[in-house]
Undergrad: 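Dropping a structure here in structure tokens format, bear with me for questions.
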Amino acid sequence: MATVKVDMEKLVSLCRRRGFIFQSSEIYGGINGFWDYGPLGVELKKNIKDAWWQDMVRNPPPGPEGQEITMVGLDCAIIMNPKVWEASGHVGGFSDPMVDCKESKKRYRADQLEVLEGHPEILPLLYYAYTSNDQDLLRGALKKAEKAARAAGKKLAGTPVGQAFMNVAQEASRLAQVVGPDVEVPGTLTEPRAFNLMFESYAGAIQSEENKVYLRPETAQGMFVNFRNVLDSSRVKLPFGIAQIGKAFRNEINPRNYTFRSREFEQMEIEFFCNPNESMKWYEYWRDLRKKWYSTLGIQSENLKPREQGKEELAHYSIGTTDIEYMFPFSEEPQELEGVAHRGAFDLTAHMTKSGKDLSYFDEEAWNGDAAGRKTNSFKEWLKTNPPKEEIAKYQYTPHVIEPSAGADRFTLAVLCEAYSEDKVPDAKGNLEERLVMKFHPRLAPVKAAILPLVKKEGMPEKAQELYRELKKHFKVEYDDGGAIGRRYRRQDEIGTPFCITIDGDTLKDNTVTIRDRDTCQQRRVPMGDVLGEIRKALE
RNA sequence: GCGGGCGUAACUCAGUGGUAGAGUGCCACGUUGCCAACGUGGUUGUCGUGGGUUCAAAUCCCAUCGCCCGCUCCA
């Protein structure tokens, strides 16, 4: 089925008008990269987080061999000891110094910039910049150097050797001698400027370097640093997963595309710890499971694109990563909803090194299982006999980690895009009228049902109130007796309520009501007592 | 961070120096017995913000904030 691309502006307008999403601090002119969820938005996002927690943590599907899998939850502080971020590499590696060209308005990564030295006798000595990943720019720099030499009646000696721009740029006077890659004159490049993507703050009264802390840029590290705590306190055995839903913060240079790239966002992350020998199996398990999860919540499979990252794209620590991407209407390219990464032993090893604490796993079952023929049952004693490394690794090892890391806000946005639809339904006179309907999966719909007395008299409101009070014990439902019934149906369509329960004259006689389906507008008559069960059935 | 466009009611938008507008929505009452019905009445504004020019600024000028597009960036 060919789908018409959702008009983002219409979606944004609907989200605001109906109270899904507002710009943060709007009355003060807003703030770039931050968003608020309104009364309906918070219900939608909560349903998404609850569905994830239920399906991944409380009731995960069986593992690759049909075995039960163990998942436990965690809720870590957003601010942690800054050493966590040194160990994870975020403090050192999370910022790329950038260089801007005042003339060409281009921006370059400083670590990719290199320079060729001009002829040493032509003063002032010039440096010709190019980027290491662009052959054309290298040739361009060479040409400029040769041209300058020729103009002075000299010749470059052989092929000049490139050097790192960073070295040259350390002195302001030499920086002024650099000719940018896309310009002809020197002195247009700025000094390298660091863009640290972590928000900083200070814990304690004094705003000193010692008190500096960071708002976490991901929830993952909290699970790694609590690995030992979970192991020691909850009787879990490998393989098992730790799951967490929480806020993370990245000082994005350029927030874009509605809530897609925000500076404050919520992650739903799993760190699944397993034996290194079994890690590929678990990687595939989670990759397939996570993709399927989106489909079961109503994301059309053609909009959902799993993409195995190429080797050159992989982060240095990752053995394999699959991005689960969604075709958002604002982009020609699919955009990442979730990354399922095989992180190997990278994180636990890094924290072991930094903290000096042992984060390896001792497999007691395997150890006890191999007891026969061994002189001692004490692992410590056995280690003193200098067994071969491979033998030790059978019982004690650093677990490998599979990390399915999903963006709660990104998925919420995908759900909104996916749900948005315009169709035509007949009005009272039988003419086709435009209709705006949010086709949320019933499980995610912010309001599950609306209870509507057909007219505001003859005891219908009272009867409807009765049903409303019963249903609201179980679901988010709305009661509405305002205006004509058709208008009320449309209002509910616009916020994606899957069912409208209407109380009419027959209800008063035989206690039956009609249930209207949001997508088809079809109605069925059922006994009032069956309504709860009917809604429940749709939510499974 | 750069360039371009935009910013007026909850939403969509009109308003090019002289009283702040329309449609939709929303609320109330009446009517109405199943798909944005009808009648009557009502409601909504720091014209993004700050400053300047002017007798007078939504309108012209400057700055600033935000949104959209492109570039850049996105471990």
Side-chain angles (χ1 to χ4, degrees), chain A residues 8-10 12-19 22-35 38 85 88-109 182 190 193 195-198 217-218 220 250-258 260-263 313-318 321 330-331 335-336 339 341 424-437 452-458 460 482-494 500-508 513-518 520-523 525:
Chain A
M8 274 313 278
E9 279 183 38
K10 284 189 186 172
V12 171
S13 157
L14 172 83
C15 284
R16 156 143 194 77
R17 189 156 42 87
R18 289 303 190 190
F22 307 122
Q23 198 183 4
S24 168
S25 332
E26 196 188 64
I27 62 166
Y28 289 105
I31 177 167
N32 198 352
F34 299 90
W35 301 91
W85 307 111
S88 70
H90 287 85
V91 171
F94 205 31
S95 57
D96 290 319
M98 306 295 297
V99 174
D100 288 312
C101 178
K102 287 175 250 179
E103 184 71 21
S104 69
K105 307 298 182 198
K106 298 243 183 200
R107 170 174 287 178
Y108 313 96
R109 267 175 61 172
D182 298 285
T190 64
R193 288 181 284 210
F195 292 86
N196 193 337
L197 291 182
M198 279 199 292
E218 61 176 30
R250 293 182 196 179
N251 196 5
E252 296 287 354
I253 297 165
N254 196 352
R256 268 297 155 86
N257 292 328
Y258 203 26
F260 183 80
R261 175 161 295 138
S262 301
R263 289 181 167 140
E313 218 181 336
L314 287 177
H316 59 285
Y317 50 76
S318 182
T321 296
F330 52 73
S331 169
Q335 303 285 324
E336 182 181 344
K424 288 194 163 64
V425 294
D427 67 8
K429 299 180 196 84
N431 301 320
L432 284 182
E433 290 275 347
E434 284 270 341
R435 179 177 75 138
L436 186 52
V437 51
L452 316 169
L454 185 58
V455 287
K456 217 194 294 189
K457 60 182 187 186
E458 290 168 21
M460 287 182 210
I485 189 72
R487 176 179 302 273
R488 283 179 276 161
Y489 285 149
R490 296 298 179 85
R491 258 202 297 255
Q492 295 299 331
D493 289 341
E494 221 177 82
C500 286
I501 320 291
T502 305
I503 281 71
D504 59 14
D506 289 354
T507 313
L508 306 171
V513 297
T514 58
I515 299 185
R516 169 188 179 270
D517 179 84
R518 173 194 67 201
T520 63
C521 300
Q522 297 298 308
Q523 287 178 300
R525 185 162 279 276

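FYI, side chains are in, hydrogens and waters are out, and symmetry mates aren't considered; it's all heavy atoms of this structure. A, B, ... follow the sequence lines: proteins, then strands. Residue 1 opens every chain.
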Undergrad: Does the side chain of A:Gln492 come within less than 4.5 Å of A:Arg518's, by heavy atoms?
TA: no

Undergrad: Just checking A:Glu458: base, sugar-phosphate only, or nothing, at a heavy-atom cut-off of under 4.0 Å?
TA: base

Undergrad: Relative to the 5' end of RNA chain B, which residue comes earlier, A:Gly505 or A:Glu218, by the nucleotide with the nearest heavy atom?
TA: A:Gly505

Undergrad: Looking at every heavy atom in both A:Gln523 and A:Thr502, which two are closest together, and how far apart are they?
TA: NE2-OG1, 4.3 Å

Undergrad: Give a yes or no answer on whether the side chain of A:Arg488 reaches the backbone of A:Leu454 with a donor-acceptor pair at less than 3.5 Å.
TA: yes

Undergrad: Name the pairing partner of B:C71, where a pair is Watson-Crick or G-U wobble with both distances under 3.5 Å, or state none.
TA: B:G1

Undergrad: Could you tell me whether A:Gly33 contacts a base, only the sugar-phosphate backbone, or nothing, with contacts defined as non-hydrogen atoms closer than 4.0 Å?
TA: sugar-phosphate

Undergrad: Hey, mind stepping through A:Phe330 and A:Gln335 against side-chain contact (heavy atoms from CB on, under 4.5 Å) and telling me if it holds?
TA: CA-CA 10 Å; A:Phe330 52 73; A:Gln335 303 285 324; 4.1 Å; yes

Undergrad: Using O4'-C1'-N9-C4 for purines and O4'-C1'-N1-C2 for pyrimidines, with syn meaning within 90° of 0, is B:G23 syn or anti?
TA: anti

Undergrad: I'd like a table of atom pairs between the protein and nucleotides 37-43 of chain B - only N or O on both sides, under 3.5 Å - with the distance next to each one.
TA:
| from | atom 1 | to | atom 2 | distance (Å) |
| --- | --- | --- | --- | --- |
| B:A37 | OP1 | A:Arg487 | NH2 | 2.6 |

Undergrad: Tell me: CG of A:Leu508 to P of B:G33, nearest whole Å?
TA: 15 Å

Undergrad: Polar atoms only, N or O, under 3.5 Å: list the protein pairs with nucleotides 4-12 of chain B and their distances.
TA:
| from | atom 1 | to | atom 2 | distance (Å) |
| --- | --- | --- | --- | --- |
| B:A10 | O3' | A:Arg16 | NE | 3.3 |
| B:C11 | OP1 | A:Arg16 | NE | 2.6 |
| B:C11 | O3' | A:Ser13 | OG | 3.0 |
| B:C11 | O2' | A:Ser13 | OG | 3.3 |

Undergrad: Suppose we define a pair by two distances each less than 3.5 Å, Watson-Crick or G-U wobble; what does B:A37 pair with here?
TA: none

Undergrad: Would you mind classifying the nucleic acid contact of A:Lys424 as base, sugar-phosphate or nothing, using non-hydrogen atoms under 4.0 angstrom?
TA: nothing

Undergrad: Would you say the side-chain atoms of A:Arg263 pair up with the backbone N or O of A:Glu252, donor to acceptor, closer than 3.5 Å?
TA: yes

Undergrad: Any base atoms under 4.0 Å from A:Met460, or only sugar-phosphate, or nothing? Heavy atoms, all strands.
TA: base

Undergrad: Between B:G1 atom C1' and A:Glu252 atom CD, what is the distance in whole Å?
TA: 14 Å

Undergrad: I'd like to know if A:Lys424 and A:Glu434 make a salt bridge, using a cut-off of under 4.0 Å between side-chain N and carboxylate O.
TA: yes

Undergrad: With sequence neighbours excluded, tell me which residues meet side chain to side chain contact (heavy atoms under 4.5 Å, CB included) with A:Gln522.
TA: A:Thr520

Undergrad: Counting only Watson-Crick pairs (N1-N3 plus N6-O4 or O6-N4) and G-U wobbles (N1-O2, O6-N3), all under 3.5 Å, who is the partner of B:U54?
TA: none

Undergrad: Taking only the side-chain nitrogens and oxygens of A:Arg491, find out if one of them lies under 4.0 Å from OP1 or OP2 of B:C26.
TA: yes

Undergrad: Among B:C26, B:A36, B:C34, which nucleotide has an atom closest to any side-chain atom of A:Arg490?
TA: B:A36

Undergrad: Mind checking A:Lys457 for me? I need base, sugar-phosphate or nothing, with any heavy atom below 4.0 Å counting as a touch.
TA: base

Undergrad: Between A:Glu434 and A:Phe34, name the one whose nearest nucleotide on RNA chain B is closer to the 5' end.
TA: A:Glu434

Undergrad: Respond yes when some side-chain nitrogen or oxygen of A:Asn32 is under 4.0 Å from OP1 or OP2 of B:C65, and no when none is.
TA: no

Undergrad: Atom OH of A:Tyr258 to atom C1' of B:C67: distance rounded to whole Å?
TA: 12 Å

Undergrad: What is the separation between atom CD on A:Gln523 and atom P on B:C35, rounded to the nearest whole Å?
TA: 9 Å

Undergrad: So, is A:Asn257 near the phosphate of B:C67, with a side-chain N or O under 4.0 Å from OP1 or OP2?
TA: no

Undergrad: CG of A:Leu454 versus C1' of B:C34: gap in Å, rounded?
TA: 6 Å

Undergrad: From the set B:A75, B:C69, B:C34, return the single nucleotide nearest to any side-chain atom of A:Phe330.
TA: B:C69

Undergrad: Just wondering, do A:Glu494 and A:Arg490 contact through their side chains at under 4.5 Å, heavy atoms?
TA: no

Undergrad: Paired with B:U59 by Watson-Crick or G-U wobble geometry, both distances under 3.5 Å: which nucleotide is it?
TA: none

Undergrad: Base, sugar-phosphate alone, or nothing: which one does A:Arg488 contact when heavy atoms must sit under 4.0 Å apart?
TA: nothing

Undergrad: Tell me the closest heavy-atom pair linking A:Gln23 and A:Ile31, and the distance in Å.
TA: NE2-N, 4.2 Å

Undergrad: Between B:A75 atom P and A:Arg250 atom CZ, what is the distance in whole Å?
TA: 8 Å

Undergrad: Would A:Asp506 and A:Arg525 count as a side-chain contact (heavy atoms from CB on, under 4.5 Å) if you check the C-alpha gap in whole Å, the side-chain angles of each, and the deciding distance to 0.1 Å?
TA: CA-CA 10 Å; A:Asp506 289 354; A:Arg525 185 162 279 276; 3.4 Å; yes

Undergrad: Strictly by Watson-Crick or wobble contacts shorter than 3.5 Å, is anything paired with B:C11, and which nucleotide is it?
TA: B:G23

Undergrad: Considering every strand shown, what is the Watson-Crick or G-U wobble mate of B:U64 when both distances are under 3.5 Å?
TA: B:G48

Undergrad: Take atom CD of A:Gln492 and atom P of B:C34, then tell me their distance rounded to the nearest Å.
TA: 19 Å

Undergrad: Whole angstrom is fine here: how far is it from CD in A:Gln23 over to P in B:C65?
TA: 14 Å

Undergrad: Does the structure show a Watson-Crick or G-U wobble partner for B:G17, both distances under 3.5 Å? Name it, or say none.
TA: none

